[in-house]
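Notes to accompany the following structure.
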Amino acid sequence: MKKGVMATEHEYRFKLMVRSILRPLGKGEFGDTDAILDHLQEVFGIKNSNLCLSVLKEEVNMKPVELEIDLFEATNLKDMDPNGLSDPYCTFGLLLPHNFDGQGDIRPQIFNQGLSKPHVLCSTTKKKTLSPVWQERFRLDVSNMANQILVVCIWDDDQEQNTFWEDVKTVDKPSGIVNLFRQMKQSLENKKNVDDFIGVVAIPLKDIPPTGLDRWFDIRAKLKKNSKITGKLHLGLTLSCKQDPDMCDSVESDQCSLEDYYLILKEMHSYSAQTKQDSEFYDGVLPKESQIALQIFSVQNQVVHTTQDLLNLLVFMERNAEKRSPPVADDVILQCFTTLSRNINTSWELVSCSGGSSTNMCLFTDFELALFDRITASFIRYYLCENKDLDSYFFALTPTRVRFLQEKLSLLDQIPSLGASTWTPSYKLRLNEHLEFRVQLDVDVWISEHLLNTENTDKDAILHEMAHFTNVITELASHCSVDNVLYQLPFESWGFNYNETVALAVDTKLYPFCSRAMEKMQHYQTRYKRFHVNIRDSCSVSIAFYSALRMLISTLEHSLKSRKISQCSTVSSRSLQLPLRELKLLEYRNWFGECFLNLLYVYKCECYQRVNRAVDFDPKMTEVAPGVDFSTSAVYVLNCFERTLSEWRELNIENNEIQTAFLIKLTDVICDGSKLYAEKMEEQAKYTCSNQNVLPFIVPRQFCLCLNNLDHVWEYMQNLPRRMKWEEATDMVATSSGISVMKTHTMNILHKLYQSADQQVSGIRERVLEILLEMIGKHISACLGGWLKPQQQCKDADKLLAYLDKNLRILHHHLKPNMFTLILNKVWVSILREVIDGFRNGMKPEYAQMIYQHLQVVREYFLSLGLHDCNLNNLLIEELMRTLRYHSMSTIDLQLEYYNELASQMYLSFLFLAENTWRTRLHWTPSISSWLQVVCRKSHRSYCESSKRAEFTWIRPIRSERPICNSWAATLRHVSWISTPANSRPLPDCRSCL
């Protein structure tokens with residue numbers, strides 16, 4: 001039992017309250033005493049009415065009384081300095097009636113000796129103001145409360161040693177001159193500066209009510225009636241029993257402690273809440289009788305306002321932590337926080353020291369801090385861990401939930417803002433521990449609810465189970481990325497790492513589910529390894545699951561890196577500063593190795609199936625769209641390749657060995673798919689040509705699309721290294737593995753696969769072109785046969801041109817430009833070869849001339865179609881043209897040609913003339929004339945003088961009349977320039993020499 005002399009704790013606290021009511025300090029009416037006592041009996045459950053009488057009969061033990069003075073402010077003070085202002089300060093003293101004269105004023109000797117600055121409590125001085133604000137507190141021991149009078153004197157501080165001229169400079173109105181001369185007079189009389197008296201306030205202690213006094217008092221020049229008012233003073237006065245901290249817990253002591261006050265307050269709120277059981281929440285309002293009794297008790301026992309507010313708040317918090325009904329509303333607790341915080345921020349606690357100075361004291365005692373520490377711990381635990389209103393609100397944060405949490409957590413956010421720095425470390429530690437528990441609990445509940453009843457013992461149910469896991473993990477990743485709303489909550493200021501706590505909770509709860517699911521999937525794939533459809537479906541589900549896990553880990557990693565760690569955090573929690581590598585879910589990289597290998601098998605099978613389906617789906621070779629040069633099958637095949645590559649890129653495989661295997665195997669799959677499609681197109685081209693029953697052969701549109709499809713796939717193959725990023729992928733693998741030679745080996749394998757496929761596709765394309773040339777060449781041979789028959793030689797090339805034009809127009813319209821140019825070149829070469837093979841020697845010149853003319857017409861036609869001269873003037877046509885030219889020439893033309901060649905080998909002009917004359921023995925006829933034309937001159941070493949160079953001239957015999965063909969004219973056109981040395985004389989006309 002408390003104090004050891006009371007029957008019960010309730011009786012003890014009841015008597016404390018009764019004493020304060022029946023034996024108040026001061027006088028005044030505070031309500032119906034009997035009603036208050038009856039109310040206290042109900043509150044404490046006291047049925048013995050004689051307890052109140054026993055208190056009255058107790059021997060009065062006069063405890064020392066203390067007067068607490070709150071000096072707030074003053075206004076409208078009288079100016080006492082030359083500058084029209086004052087430097088006011090206050091002195092406080094307790095006087096007895098004999099210290100006053102017959103007129104009620106203070107005796108001069110008492111005034112000068114007992115109320116001056118050196119002898120009494122004194123406030124600080126406020127410089128140059130007539131409305132000072134002090135906000136200071138003082139305490140005076142009371143020896144005779146019935147007779148003593150509080151006297152407050154207001155003075156003007158004049159202790160500063162200012163010169164006369166300095167004071168003159170500050171005069172700004174007439175009253176200042178009066179004040180200046182008054183100060184001079186006082187200084188001369190007292191031989192020093194004397195503080196000016198502004199006024200006095202006197203309050204008898206017996207007039208102070210038990211609940212205290214807070215009011216404005218008139219400041220008068222003297223205490224005589226009707227004396228002049230020199231300002232107003234705002235004071236707060238309270239009489240209380242002087243507390244001895246050493247005797248507070250003593251058995252013999254009957255003085256009240258803060259624990260007694262707290263228990264009394266707790267009893268009163270419990271009684272008040274019982275009277276409001278029908279309400280959902282307790283509003284925290286006490287009955288009027290309880291309020292009056294508490295006010296008197298707190299004043300007499302020196303329970304200050306901040307302590308009252310704090311203990312009242314702690315009673316509410318403890319009530320909720322103990323889950324009493326009805327609970328205190330959060331708004332009421334938040335209002336208590338606001339009131340307490342405002343009082344702490346604006347209040348002051350100054351007590352007087354024996355030497356007259358004032359010292360700042362701590363706002364709260366050790367008992368209050370310990371009580372706060374205990375109750376806040378239980379309240380935080382209840383509020384965060386047991387409060388049903390916050391269930392499942394700390395995870396899957398939505399804007400609505402964030403707003404709700406902001407409102408709820410603002411209550412907890414008020415605690416560290418109260419200003420008691422000693423509360424912060426322990427408070428934040430407990431807060432973080434309970435927050436961590438609550439977040440992990442909400443994450444656990446969320447995952448359990450979403451994965452409830454998904455696990456099935458049926459082996460074949462793993463596909464649906466894993467598909468559901470994938471959806472849950474995808475949604476979970478979105479809930480883990482909450483940086484856009486997390487800043488609205490006070491977690492950072494509390495030093496709580498929400499992201500890391502969520503990461504740990506997700507990892508702990510999700511890891512067993514995921515590992516069991518992957519074990520089931522591996523058993524499933526092993527069981528159905530020979531069934532392509534099952535492997536395909538399981539790989540599809542597994543890859544979706546892999547992507548979801550990778551996205552979740554990426555989200556957690558991003559949230560961990562982007563968080564801002566509070567600089568003021570001193571919290572040590574097992575989830576704080578959690579390295580990412582500690583997450584068990586990072587093992588997911590090793591779960592999917594066998595699945596990836598199965599996926600490669602699926603890619604290969606599906607690629608072959610899609611290629612076959614693409615050809616079967618497009619038997620008539622339908623164009624993708626008007627103006628597009630290839631059919632839908634090519635689009636479908638290339639989309640198949642791109643889809644495979646896209647799925648591979650999205651996997652973002654982190655295992656180097658698996659990544660290398662994928663790179664090589666996918667290259668092989670695409671190369672094999674391209675070869676397979678090329679073979680299908682070759683078969684389609686043969687089938688199209690074999691079904692062409694129209695003669696002569698006309699190129700079908702489907703055949704053109706086959707060629708375009710082949711070329712389209714071939715072009716895709718040319719860009720395959722760039723599309724698959726061989727260099728970047730192999731560099732990454734070599735860097736991460738630390739084996740540089742791995743890149744070389746991998747690139748060699750890739751290039752061999754690529755070159756094999758490229759050669760095969762190119763060969764198939766060439767074979768398809770040969771098929772086309774073979775079909776077209778049949779009718780070309782028939783047309784060229786008319787040219788090469790000596791008896792019935794065709795006089796023009798119209799028939800051949802008509803057939804070529806018809807087919808080439810089709811090819812030009814449907815083929816891609818590069819393919820059309822390639823075919824043009826091959827058709828031209830085939831025509832030349834046909835002419836060379838069918839040309840007959842020993843015919844008349846007219847035979848060769850006709851063929852030559854036809855070839856010139858066909859050549860011009862091919863030039864008009866876009867075939868370049870470089871493709872037309874190849875070795876084949878040069879050989880053919882040389883043959884035709886020689887067979888088109890007469891005997892004389894052949895001789896002249898011979899002489900022309902001979903002339904190119906002659907060095908001196910006279911040797912040429914002699915040789916030419918001897919060999920030709922020309923006989924001139926009227927119809928034919930010949931002459932020599934200077935072609936060029938060059939320096940050459942002389943026969944006789946080896947050290948000198950002689951001029952010689954090349955000359956060419958030219959037949960000028962009735963040329964048989966244009967070859968001579970062409971020869972003349974090709975002579976770029978004709979000249980003689982600048983210092984030589986013109987050569988004579990060679991015709992005269994001949």
Considering all heavy atoms, the nearest [X]-[Y] contact:
X	Y	answer
Asp141	Leu94	O-CD1, 3.4 Å
Cys90	Ile154	SG-CG1, 3.8 Å
Leu294	Tyr261	CD2-CE1, 3.8 Å
Pro88	Ile198	CB-CD1, 4.3 Å
Val200	Lys222	CG1-C, 4.3 Å
Leu71	Leu233	CD1-CD1, 3.7 Å

Can you find a pair of side-chain heavy atoms, one from [X] and one from [Y], that are under 4.5 Å apart?
X	Y	value
Lys232	Phe217	no
Leu239	Val142	yes
Asp214	His234	yes
Ile333	Phe379	yes
Glu280	Pro326	no
His269	Phe316	yes
Val201	Val151	no
Val285	Lys276	yes

Quick check against the 3.5 Å criterion: does [X] have a side-chain atom that pairs as donor or acceptor with the backbone of [Y]?
X	Y	result
Gln148	Pro204	no
Glu267	Phe44	no
Thr91	Leu121	no
Asp87	Asp156	no
Asn301	Phe297	yes
Arg220	Ser227	yes
Ser290	Leu286	no
Thr338	Leu334	yes

Residues Trp216, Thr75; criterion side-chain contact (heavy atoms from CB on, under 4.5 Å); working and verdict
CA-CA 10 Å; Trp216 286 88; Thr75 185; 3.7 Å; yes
Does Asp260 form a salt bridge (charged side-chain N to carboxylate O under 4.0 Å, His left out) with Arg13? I'd like the steps, not just the answer.
CA-CA 7 Å; Asp260 294 329; Arg13 290 189 289 274; 5.5 Å; no
Polar side chain donor-acceptor pair, Ser131 to Glu73, under 3.5 angstrom:
no
Do you see a donor-acceptor pair shorter than 3.5 Å between the side chains of Ser240 and Glu68?
no
Check step by step if side chain to side chain donor-acceptor pair (under 3.5 Å) holds for Glu136 and Thr124.
CA-CA 9 Å; Glu136 297 175 12; Thr124 58; 2.5 Å; yes
Distance from [X] atom [atom1] to [Y] atom [atom2], nearest 0.5 Å?
X	Y	atom1	atom2	answer
Asp218	Ile229	CG	CD1	4.0 Å
Gln274	Glu42	CD	CD	11.5 Å
Thr230	Met80	OG1	CE	8.5 Å
Phe138	Leu150	CZ	CG	11.5 Å
Cys336	Leu314	SG	CG	10.0 Å
Tyr89	Trp155	OH	CH2	6.0 Å

Per the side-chain contact (heavy atoms from CB on, under 4.5 Å) rule, which among Leu213, Asp70, Ile203 passes with Leu235?
Ile203
Please step through side-chain contact (heavy atoms from CB on, under 4.5 Å) for the pair Thr129 and Ser86, ending with a clear verdict.
CA-CA 6 Å; Thr129 179; Ser86 297; over 6 Å; no
Worked verdict on Arg324 versus Glu318 for salt bridge (charged side-chain N to carboxylate O under 4.0 Å, His left out):
CA-CA 9 Å; Arg324 295 186 181 182; Glu318 187 176 29; over 6 Å; no
For Phe72 and Trp134: C-alpha separation, side-chain torsions, deciding distance, then whether side-chain contact (heavy atoms from CB on, under 4.5 Å) applies.
CA-CA 5 Å; Phe72 297 113; Trp134 283 282; over 6 Å; no
Evaluate Asp330 against Tyr383 for side-chain contact (heavy atoms from CB on, under 4.5 Å), listing each step before the verdict.
CA-CA 10 Å; Asp330 288 346; Tyr383 201 77; 3.2 Å; yes
Yes or no on side chain to side chain donor-acceptor pair (under 3.5 Å) for Tyr282 and Ser272, after CA distance, side-chain angles and deciding distance?
CA-CA 9 Å; Tyr282 174 47; Ser272 178; 3.2 Å; yes
